[in-house]
Protein chains: 2
Amino acid sequence: MALSRTRIVDAAYTTLCEHGLAGLSMRRLAHDLGVQPGALYYHVASKQDLLAGVAERILADSAKLTSTSDPARAACDLREALLRVRDSADVISFVHVFRPDALTPFHTLRELFAARLPARQAHRAAQTLICYVLGFVAEEQNYAELVRAKIVNDRPSDTYSLSAFRFGVATILRGLST
Amino acid sequence: MALSRTRIVDAAYTTLCEHGLAGLSMRRLAHDLGVQPGALYYHVASKQDLLAGVAERILADSAKLTSTSDPARAACDLREALLRVRDSADVISFVHVFRPDALTPFHTLRELFAARLPARQAHRAAQTLICYVLGFVAEEQNYAELVRAKIVNDRPSDTYSLSAFRFGVATILRGLST
DNA sequence: ACCTGAACACCGTTCAAGT
DNA sequence: ACCTGAACACCGTTCAAGT
């Protein structure tokens with residue numbers, strides 16, 4: 001089968017799930033696709049460009065789920081979508097500044113707040129919630145990577161859990177509605 | 001002058017400030033110190049170990065400033081300390097899960113909330129605020145790197161500013177005090 | 001104890017040349 | 001148009017050997 005941007009992004013997505021960001025190299029990707037490293041650059045401008053494609057793919061899954069009008073639920077859905085892919089928060093956090101409008105959940109969230117707040121505040125409300133979600137999940141995933149690498153042993157701490165996550169989401173939403 | 005862990009951490013700190021995380025390699029560090037790459041590994045276990053040392057150093061500066069009892073001010077101080085060093089949020093976010101107790105500001109913030117909340121909630125309150133701060137500054141710094149690399153041009157957007165940051169901090173603190 | 005020299009197994013990216 | 005082959009300029013880490 002011929003190479004294409006879509007096929008490369010698909011392969012990168014799979015490799016990210018299975019081996020994490022540290023295991024995702026252009027050379028490995030080329031090898032898995034049975035092609036020379038240089039061939040990738042005919043379809044993809046750079047590794048960063050490729051990661052932008054992967055980020056869109058990760059969030060595309062969550063976009064289907066997040067057809068709710070409850071911001072708390074949207075935040076939890078987003079977290080779940082991120083947790084399905086290793087190191088995804090790092091990837092998304094980068095792409096979010098690179099292409100702020102390409103990532104649908106952020107757009108969705110902003111519109112959700114726009115129903116109850118003036119435009120400027122809705123933007124900031126969405127930004128606050130997103131920074132929290134990405135900050136939380138980034139740490140959660142960093143921790144998971146350390147456990148996987150057995151650098152740290154899996155104390156069943158309550159620090160990174162759904163309820164810990166919800167506490168923050170509830171706090172922010174409470175702060176917004178006052 | 002003889003090599004030592006402290007000298008290596010100092011050099012790494014300087015290089016991080018000047019060239020960012022992408023420009024911080026063990027080989028470059030060795031070159032700057034006038035030594036062979038292998039020599040570093042006599043004083044430092046790995047690059048991750050070195051970054052942990054750098055993270056402590058970054059936050060040591062902020063610890064001096066953060067002798068306040070106002071959480072909002074503490075959050076702003078922390079952000080300012082982070083903004084002084086390129087890519088510091090990424091470095092800290094990693095070390096925070098690696099050695100959660102080694103980073104004094106988080107400890108300080110938790111004690112600050114403990115004065116007004118039960119222990120469990122104080123812990124979660126501090127975690128919420130910290131995730132937001134790290135999430136916000138991580139994006140802010142990612143954006144700054146993209147501007148520096150001229151991948152994106154510096155639209156004077158209000159997205160990453162002190163007032164945008166404060167909006168989130170105020171929201172979270174309001175949510176906590178209800 | 002502390003460092004060198006040299007190697008091992010990798011990276012991202014470019015680009016002439018082939019088909 | 002699409003890909004190969006080969007190179008360029010790098011990585012982190014290890015380890016025998018020297019001083």
Side-chain angles (χ1 to χ4, degrees), chain A residues 1-55 86-87 90-91 94-95 98 142 145-146 148-152, chain B residues 1-55 86-87 90-91 94-95 98 142 145-146 148-152:
Chain A
M1 210 209 304
L3 217 53
S4 69
R5 191 187 154 89
T6 318
R7 267 194 80 210
I8 297 172
V9 171
D10 281 7
Y13 179 87
T14 307
T15 307
L16 192 64
C17 291
E18 287 171 6
H19 305 281
L21 202 55
L24 176 58
S25 74
M26 298 301 271
R27 295 183 104 100
R28 178 204 260 267
L29 225 49
H31 177 261
D32 291 353
L33 289 163
V35 93
Q36 294 295 318
L40 301 176
Y41 289 85
Y42 188 83
H43 303 274
V44 150
S46 64
K47 191 177 182 181
Q48 292 199 346
D49 177 38
L50 173 56
L51 287 177
V54 174
R86 279 170 70 179
D87 297 322
D90 286 340
V91 177
F94 161 73
V95 179
F98 190 50
N142 282 348
E145 288 302 313
L146 289 179
R148 218 182 298 250
K150 290 178 181 171
I151 294 172
V152 98
Chain B
M1 210 207 307
L3 217 53
S4 69
R5 191 187 154 89
T6 317
R7 266 194 81 210
I8 297 171
V9 171
D10 281 7
Y13 179 87
T14 306
T15 308
L16 192 65
C17 291
E18 287 171 7
H19 305 281
L21 202 55
L24 176 57
S25 75
M26 298 302 271
R27 294 183 104 100
R28 178 203 261 265
L29 224 49
H31 177 262
D32 291 353
L33 289 162
V35 93
Q36 293 295 316
L40 302 176
Y41 289 85
Y42 188 84
H43 303 275
V44 152
S46 63
K47 192 178 182 179
Q48 292 200 345
D49 177 38
L50 172 58
L51 287 177
V54 174
R86 278 170 73 177
D87 296 322
D90 286 341
V91 177
F94 162 73
V95 179
F98 190 50
N142 281 349
E145 288 302 315
L146 288 180
R148 218 181 296 249
K150 289 180 182 171
I151 294 172
V152 96

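Chain letters run A, B, ... following the sequence lines, proteins first, then strands; residues in each count from 1.
Straight-line distance between the C1' atoms of D:dC10 and C:dA9: roughly 14 Å, to the nearest whole Å. Nucleotides D:dC3 and C:dA16 are separated by 13 Å at their C1' atoms, to the nearest Å.
When the nucleotides D:dG12, C:dT4, C:dT13 are ranked by their closest atom to the side chain of A:P37, C:dT13 comes out on top. Across C:dC3, D:dC2, C:dG12, the shortest atom-to-atom separation from the side chain of B:A2 is found for C:dC3. The A:Y42 side chain lies nearest to D:dC2 when the options are C:dC11, D:dC2, D:dG12. Among the nucleotides C:dG12, D:dT13, D:dC3, the one closest to the side chain of A:A39 is D:dC3.
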- Query: Are A:D87 and A:L24 close enough, and set up right, to give a side-chain contact (heavy atoms from CB on, under 4.5 Å), and what steps lead you there?
  - Reply: CA-CA 11 Å; A:D87 297 322; A:L24 176 58; over 6 Å; no
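Two residues are said to be in side-chain contact when any heavy atoms from C-beta on lie closer than 4.5 Å; B:L50 and B:L29 meet this criterion. The side-chain heavy atoms of B:T14 and B:D32, taken from C-beta on, include no pair separated by under 4.5 Å.
Between A:Q36 and D:dG5 there is a side-chain polar atom (N or O) within less than 4.0 angstrom of OP1 or OP2. Put simply, B:Y41 has a side-chain N or O that comes within less than 4.0 Å of OP1 or OP2 on D:dT13. Residue B:H43 places no side-chain N or O under 4.0 Å from the OP1 or OP2 atom of C:dA1.
Both A:R27 and A:G38 lie close to DNA chain D; mapped to their nearest nucleotides by heavy-atom distance, the more 5′-ward contact belongs to A:G38. For B:S4 and A:Q48, each mapped to the nucleotide of DNA chain C holding its nearest heavy atom, the one lying further toward the 5' end belongs to B:S4.
Between A:D49 and A:R5 there is a salt bridge, since a side-chain N of the basic residue sits under 4.0 Å from a carboxylate O of the acidic one.
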